[in-house]
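Accompanying notes for the structure given below.
All of these numbers come straight from a predicted model, not from anything done at the bench.
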Amino acid sequence: MQALLIERYGEPSELRPTEVPRPQPEQGEVLVEVRAAAVNRSDVLNARGSFPFTTLPRIPGRDFAGVVVEGPSELVGTEVWGTGGGDLGFTRDGTHAGYIALPGDAVVPRPDGLSFEDAAASGLAYVAAGSALIDLGGVSAGETVLVTGAAGGVGSAAAMIARWKGAGLVIGAVKDESERRAAEKAGAETIIDTSRQEVSEAAMAATQGRGADLVLDTVGGPLFEPSLNSLARRGRMVVLTTVGQRRVSFDLLDFYRKELALYGLMTSRLDATGSAGILRRLLPGFGEGALRAPAIAERYPLEQAGTAYARVEGGEAAGRVLLVME
């Protein structure tokens, strides 16, 4: 089969498919014919050698959608999707290939409302957003939720999950006016344009001075402290990345007086099986039409994987970048 293969770290844009043996599923595993796979920033960083736990040679890729072609009879022919954390593409071969072998409980039936491409674009985004809002943040009906980076893959998924779970108000913070429509489409009712508004001031104004019950910060860095300052008393904030600066500061007196809670989320701690468990819990939302795929910006055949990786690394694509297997 054709697959990307990292044999040594280097320029992601130089990745080209090569012929490798088709994987043989072991006991309890299935073989999935991959129809589409997303390229994540973590895939790009993996090709550069940013993850010390990766073992080489290795096929990269975390997100996938395809068809089970080998495994238990009840699964063969099933259209499935899924994603991985610290396993797929890191310690076991990933999804940027014609086929992938993985545990049977790591695949989830593809929702009727999602095409193969939609499903491939959704896996990691929804696992991250679901982990943050439901598992860590404990979002509940009637709460106010603030999402930074609300036009991005994880941010838009989080806004939709918040609405699906009955949030009273969803506030989306975007980098400029060009991202407003995407955030509104995802369910954000109030938009904060961080290029001309201060996040905490705008959030307090939108909530009549009360603040948000839950914040998901998908940006970090310069937005960390303003996001934390946007919380109501006993509010919770989940952080899963940082752009630019790694060190941040905040008013510790204000933090404990307001009895705030701060959580860090590392999605690579979840393997493909754990990720599948989260996606299964979200299936009703997809079935109801409340949850939809993030925007897809560009599609490339496996032969142009280097270009796809370069587009993701450059941050130029306004949406998800996919590898589509032909």
Q: Answer yes or no: does atom CD of Gln245 have more than 12 heavy-atom neighbours from other residues, nucleotides or ligands under 6.0 Å?
A: yes

Q) Does the gap between the ring centers of Phe286 and Trp81 come in under 6.0 Å? A) yes

Q. Are side-chain N/O atoms of Glu198 and Ser200 paired as donor and acceptor at under 3.5 Å?
A. yes

Q) Counting heavy atoms not belonging to Arg180, are there more than 12 under 6.0 Å from its CZ? A) yes

Q) Which of these, Leu146, Val145, Leu240, Thr148, sits in a side-chain contact (heavy atoms from CB on, under 4.5 Å) with Leu216? A) Leu240

Q.
Under a 3.5 Å cutoff, is there a donor and acceptor pairing between the side chains of Asp271 and Thr273?
A. no

Q: Give a yes or no on whether Arg280 atom CZ has more than 12 heavy-atom contacts from other residues, nucleotides or ligands under 6.0 Å away.
A: yes

(Q) If you apply the rule side chain to side chain contact (heavy atoms under 4.5 Å, CB included), what do you find for Met325 with Met1, and how did you get there? (A) CA-CA 11 Å; Met325 315 308 171; Met1 69 172 184; over 6 Å; no

Q: List for me each residue that meets salt bridge (Lys or Arg N to Asp or Glu O under 4.0 Å) alongside Asp176, sequence neighbours excluded, and say none if there are none.
A: none

Q. Residues two or more places apart in sequence or in another chain: which of them pass side chain to side chain donor-acceptor pair (under 3.5 Å) with Glu259?
A. Arg233, Arg234

Q | Over all atoms of both residues, closest heavy-atom pair of Asp213 and Glu143 | A | OD2-CA, 3.4 Å

Q) Do NZ/NE/NH1/NH2 and the carboxylate oxygens of Glu189 and Arg163 come within less than 4.0 Å? A) yes

Q. Side-chain donor-acceptor pair under 3.5 Å between Asn46 and Arg58, yes or no?
A. no

Q: Please name all residues satisfying side chain to side chain donor-acceptor pair (under 3.5 Å) with Arg48, sequence neighbours left out, ordered by chain then number.
A: Glu11, Glu313

Q: Please work out which of the three classes, parallel, tilted or perpendicular, describes the rings of His96 and Tyr309, given edges at 30° and 60°.
A: perpendicular

Q: Fit a plane to each ring of Phe53 and Phe90, take the angle between them on a 0 to 90° scale, and name the class: parallel (under 30°), tilted (30 to 60°) or perpendicular (over 60°).
A: tilted

Q: Kindly compute the distance separating CE (Met204) from OG (Ser230), expressed to the nearest 0.5 Å.
A: 6.0 Å

Q. Is a side-chain donor-acceptor pair under 3.5 Å present for Ser42 with Arg62?
A. yes

